[in-house]
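A, B, ... follow the sequence lines: proteins, then strands. Residue 1 opens every chain.
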There are 2 protein chains.
Amino acid sequence: MDISERKKRILRAVIENYINTAEPVGSKTIAEHAGLDISPATIRNEMADLENLGLLEQPHTSAGRIPSPKGYRFYVNELMEQHRLSIQEVNRLNEALHLKVQELDRVISEASRVVSQITKYPSYAISTGCSRITIRRFALLMVERHRFIVVVMTDASVVKNKLVHIANDLSPSELSLLNTLLNASFTGLTPEEITPELMKMAEQAAGAAYDLLVTAVSFAVDVLRNQESCAVYLSGLPRLLEHPEYRNLERAQPLLAYLSQENALSNLPVPDTTGTMKILIGPENVAQELQDTSVVVASYDIGESMKGLIGVVGPTRMDYAKVAARLYYFAEGLSRLFETDDGFSGEH
Amino acid sequence: MDISERKKRILRAVIENYINTAEPVGSKTIAEHAGLDISPATIRNEMADLENLGLLEQPHTSAGRIPSPKGYRFYVNELMEQHRLSIQEVNRLNEALHLKVQELDRVISEASRVVSQITKYPSYAISTGCSRITIRRFALLMVERHRFIVVVMTDASVVKNKLVHIANDLSPSELSLLNTLLNASFTGLTPEEITPELMKMAEQAAGAAYDLLVTAVSFAVDVLRNQESCAVYLSGLPRLLEHPEYRNLERAQPLLAYLSQENALSNLPVPDTTGTMKILIGPENVAQELQDTSVVVASYDIGESMKGLIGVVGPTRMDYAKVAARLYYFAEGLSRLFETDDGFSGEH
DNA sequence: GTTAGCACTCGAAGATTGAGAGTGCTAACA
DNA sequence: TGTTAGCACTCTCAATCTTCGAGTGCTAAC
């Protein structure tokens, strides 16, 4: 889109003013405020042009102008400047990143909480699984006579365990045999590759320990399936209500209901490549409930095989520059956190 | 409080009507609706008495009556009848109780979700730790040269693990020695009982494996500390907005903000004994934000040593009978779930 | 003790009005 | 040709007023 420099400055002034005040912006305000030495009348002419271009809108005849979604898009693509983080914010974010207990889940949910607090918008964080994960290591531990702990560790360095009861009696040597069998036959496989034939073969080899073998394998399958699916954390949802566009409950409630649905957030679009951001403005969203809402989301890497998302949901009148800068910082921090330490705690 | 049977019936009619409609109830409505063969005028007289007793209130002169907190309290204590659960509800609850993967956390958070869906109010669930938990069993597994998995199991049959890097080289026999040492010296102890002197003694015994020993023990301490503290799940918060008393945002927002605070819910009162319920009506709550809100909460047992809470937050005009019945059913179900299977999955 | 009748109260909802903000248009100016 | 001042016009918001109706308390009759 080819627009004169002056029009750009006016558009930008309108948008930034509107972002701060949530009130339609009039020509007079711009003339006084935006450091352009032109009269309100001239600005009115320019604004009329910008309206014809579809970048501004009028709520009604005698109100000022507000940005249209197209206007926001133009702003985000071409006008927006890098926003600086304050020192407090950087400290705050760093603190969240360096939690003592670096459990994957907890770091991620804490990330979402902090982002929400800093941006004043609801924030969500997702860790998505990857396509091919397999078990790398099995271990069986006896606790007492009929009680065992099954421990499995996946490719993604996640370790899980389960306490089980087994009716059979097992000697230490049988247990050790079973351990060997599991590690020899069931590592490096995806759930789909664990066929009934394979189980049958294992059955013959395991003998009396068959029950425990089945339990261990099906636990492993559960773990893998669970890694494939993803966890969603949402924080600060009621913050939406702090913004004037949601003072109206009929507007706010469907949105809140939608966002607190289990799957709403995991179906949002994702940035094309790690390290980039995606900004969806109003009608660019697919979901009906998000038509007046914008989503800003950044992606990060979790180790080598998994990815995560961290994003913010807010009104189209959102401070995109500020939000984007903070998400970017956080996403980078998370990527670095999980990369420096491939053996980040798989505890769970 | 001594009240004539007729007054009780009128009070009950007012309350149940108000619970359903959220509108002040007039004498005419009661006369037509409540199956008492008396005229509105008589009912007016009785209602005036009930108002003098502090059981009813008038929002303003020419509105009907609404129950006062004291009125609700009387209703809950003496008038309320057992509410029956529908077959669908029973099924729904049972389903949630018998999740395939019986991870403690997940069952509890699912419980909260289902209760919220059924009652249409926000619901919370808490698992509180108990006073003296110790480690029952340690296990160290080698994954590869410098990488180990630490597994600990607590009294409460919770098993946790962590993946660690250790710079030292350890032979299998050293590892097995360390396993023995850990199980001999550090089981049956609370975090407070693991003294520096004990660590010093262990240092001499462990030799080169000291690093791993320290890591394992401090992990164990973390786990125990974590068990002592408690997890809070909150679900369906936006449901509050579906109720007419929160159509007014100035009313709703402070409450939402309060409830979404980390610690708000864990500080609410608890029932005196397991298997009972506690109902807090409006001003009976300590927190300022809950003055117009009621809390209904039931407790359940998690195994032998831990306890849990499941509760609902809503307007004072809450269908106490219905909510209480559902919570009671669920709390009982949870207790039974965790008791039948002391070795419920300690996976985590 | 119960009931009908009636005057009275008070809030909710609608209608009316005035003020103010902002626009588009026109005509004058550089 | 681009810019500006002036002016009539539009439309919302908030305040004020009015009306309507539901519900009450009181009194007197049953």
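Side-chain atoms of A:Y75 and A:E16 form a donor-acceptor pair, as typed in the model, at a separation below 3.5 Å. Inspection of the B:S39 and B:T42 side chains reveals an N or O donor paired with an N or O acceptor under 3.5 Å.
Taking the six-membered ring where the residue is Trp, B:Y121 and B:H243 present parallel rings, their angle staying beneath 30° rather than reaching 60°.
Protein atom OH of A:Y18 is 16 Å distant from nucleotide atom C1' of C:dG22, rounded to whole Å. In this structure, CD of B:E46 is placed 15 Å from P of D:dC26, rounded to the nearest angstrom. Whole-Å rounding puts the A:I43 CD1 to C:dT23 C1' distance at 14 Å.
When both distances must be under 3.5 Å, the Watson-Crick or G-U wobble mate of D:dC30 is C:dG1.
For the contact set between residues 20-28 of chain B and DNA chain D, defined by any heavy atom under 4.0 Å, the members are B:G26, B:S27.
Side-chain proximity of A:R6 to D:dT24, D:dT4, D:dT3: nearest is D:dT3. In the set D:dT24, D:dT3, D:dC11, D:dT3 carries the atom at the smallest distance from any side-chain atom of A:T42. With distances taken from any side-chain atom of B:N45 to the nucleotides C:dT23, C:dC10, C:dT3, the minimum falls on C:dT3. With C:dT23, D:dG25, C:dC10 as the candidates, the nucleotide lying closest to the side chain of A:Q58 is C:dT23. Residue B:A48 places its side chain closer to D:dG25 than to any other of C:dT23, D:dA5, D:dG25. In this structure, the nucleotide among C:dT3, C:dC6, C:dG20 sitting nearest to the side chain of A:S62 is C:dG20. Side-chain proximity of A:R65 to the nucleotides D:dA22, C:dG24, D:dC26 is greatest for C:dG24. Relative to the side chain of A:H60, the nucleotides D:dG25, D:dT12, D:dT3 differ in distance, and D:dT12 lies closest.
Among the candidates A:K7, A:R65, A:R44, the single residue satisfying the salt bridge (Lys or Arg N to Asp or Glu O under 4.0 Å) test with A:E51 is A:R65.
Atoms OG1 and CZ, on B:T119 and B:R326 in that order, are 9.0 Å from each other to the nearest 0.5 Å.
For the pair B:R44 and A:E51, both in contact range of DNA chain C, the more 5′-proximal nearest nucleotide belongs to B:R44.
Listed pair B:T61 / C:dC10 meets the phosphate criterion, a side-chain N or O lying under 4.0 Å from OP1 or OP2.
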